[in-house]
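Take a look at the structure set out below.
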Protein chains: 2
Amino acid sequence: MRASDRAYASLRDDIIEWRLAPGTVLAEVEQSERLGISRTPLREALGRLTAEGLTTAGGRGVVVTGISLEDIDELFELRETLEGKAAALAARRGDPATFEGLQRELLNAPQLISGNHPALHDYYELVGRLDTAIDAAISNSYLAQAMRSLRVHLVRIRRLAADDACRLAAAAAEHAAIAEAIAAGNPKLAEAATVLHLHRSLSHIKATHASPPKEHHG
Amino acid sequence: MRASDRAYASLRDDIIEWRLAPGTVLAEVEQSERLGISRTPLREALGRLTAEGLTTAGGRGVVVTGISLEDIDELFELRETLEGKAAALAARRGDPATFEGLQRELLNAPQLISGNHPALHDYYELVGRLDTAIDAAISNSYLAQAMRSLRVHLVRIRRLAADDACRLAAAAAEHAAIAEAIAAGNPKLAEAATVLHLHRSLSHIKATHASPPKEHHG
DNA sequence: GGTCGAGATTATGTATACAGAAGTCTTGTG
DNA sequence: CACAAGACTTCTGTATACATAATCTCGACC
């Protein structure tokens, strides 16, 4: 693996997991020394992060982007548009069997979650498989790409919302409804189920953070 | 201006204007010598182009991306989703006076176009102002960013469709309808006018290219 | 005492040198 | 004559050295 790829993955992870706070300046010499590489591959990594919107190239050095409450609203507005359309397209073009299987798994998810130690990883992996299945079903690489670039920010937001077992179970049911609608080949229903799920998710995030979270564009 | 910026702008223009054909390999030494810069800023430029989707970083060297008929369909599918939503949001949040002015200008556009030498530049500049006004009105930087990344590819497609004066006049009328709906504060109408315009544009492009254009991902 | 300016310092932007990998051409053998 | 193996060529990936620009600080002058 290339050094620039490692640097990119490392920094991306640090930003998404909030180990690098918004507003942090990523000086080239400092970071290249920290990661044990030279400035050249680091610059490529920073360029990719900036293209994704995780950092901004303001004046001197690149700084870690913040996420304000307005950003979350904007993000979900776009997300509703893209994922709603994607769900509708998947219902038209997807393979029903695939989504029937995912629906079954999602209906079983709450049982796994309510166990002793909530297996967040398993749940997120399952949701990720649903996302991947939708991406493949829509047969639209540009739409898929747009959603992928959104998901980076959403994962970041997810860390802000302390997902309890209750919300996870509800979310699993909502995802199951989406999968069911897609499997049934019903575009309108798939879009409606998606919109519903996203509104619930956004409400949950906002309720969790009645007090404003870390603020905004560094 | 930085050397990497100049290289990026130059290559981007060459690709959009089809001076660099799809499938062309952009070797680093070759291009850096052609542009009179060193490999370092050139690599940054290539990275930006690849992030935008104008080039792909397959195996050895980056190659200029192609646009197939399927790509155009996918592109317009996403475009309909994003611009439809944007028009609806602009109708809700935009300043009516701005769009009334744009509507008036667009209604006068056909007179300018039907002159001796069709002033394509003026028309495209006017449409660009409408896009900019919508971007500003929606108050959603993520949606605006998604549309900006789309427009790069659309400009490229525009060069494939030989826009005659007749089509330009019709397009101006369609744009005027969009501006009118936004000025009227009618989201559903604005979205409908946008969807109508995009379908007409796509039909025109497809009719122009009954014979398949340059094909596919390089 | 405050403010403006010049110098120093440090960071980014660029060029170049080096290393590793991949592809191609050539040559030898079956 | 065809196929395979090896060396050579060439390209990308990385490191480092140098240039340039911006910022911070210190000092002088008002």
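Letters go in sequence order (proteins before strands), and every chain restarts at 1. Since the model is a prediction, treat every value here as computed from it, not as a measurement. These values consider heavy atoms only, across backbone and side chains, with no hydrogens, waters or symmetry-generated copies.
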Whole angstrom value for the distance that separates [atom2] of [N] from [atom1] of [X]:
X	N	atom1	atom2	answer
A/L42	D/dA15	CG	C1'	13 Å
B/E30	D/dT9	CD	P	20 Å
A/Y8	D/dT14	OH	C1'	20 Å
A/Q31	C/dA11	CD	P	12 Å
B/E33	C/dT14	CD	C1'	16 Å
B/R6	C/dG13	CZ	C1'	12 Å
A/E28	D/dT16	CD	P	15 Å
A/E44	D/dT12	CD	C1'	11 Å

No-hydrogen, no-angle side-chain donor-acceptor test under 3.5 Å, [X] and [Y]:
X	Y	value
B/T132	B/D135	no
A/E52	A/S149	no
B/Q103	B/H175	no
B/T65	B/T55	no
B/S4	B/R43	no

Consider the side chain of [X], meaning its heavy atoms from C-beta on, and name the nucleotide among [options] that approaches it most closely.
X	options	result
A/R2	D/dC18, C/dT10, D/dG13	D/dG13
B/S38	C/dA15, D/dT14, D/dT12	C/dA15
A/V29	D/dT12, C/dT14, C/dT12	C/dT12

Worksheet item: Starting at the 5' end of DNA chain D and moving along, which residue's nearest nucleotide shows up first, B/R60 or A/P41?
Response: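 By nearest-heavy-atom nucleotide position, the 5'-most residue is B/R60.
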
Item to complete: Nearest-nucleotide wise, let me know which of A/A3 and A/R39 is further upstream toward the 5' end of DNA chain D.
Response: A/A3

Discussion item. If you go through the side-chain atoms of B/T40, does one of them form a donor-acceptor pair with the base of C/dT16 closer than 3.5 Å?
Written reply: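 Indeed, a donor on one side and an acceptor on the other fall under 3.5 Å apart.
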
Worksheet item: Do the side-chain N or O atoms of B/R43 get closer than 4.0 angstrom to the phosphate oxygens (OP1, OP2) of D/dG13?
Response: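 It does, given that an N or O in the side chain of B/R43 lies less than 4.0 Å from OP1 or OP2 of D/dG13.
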
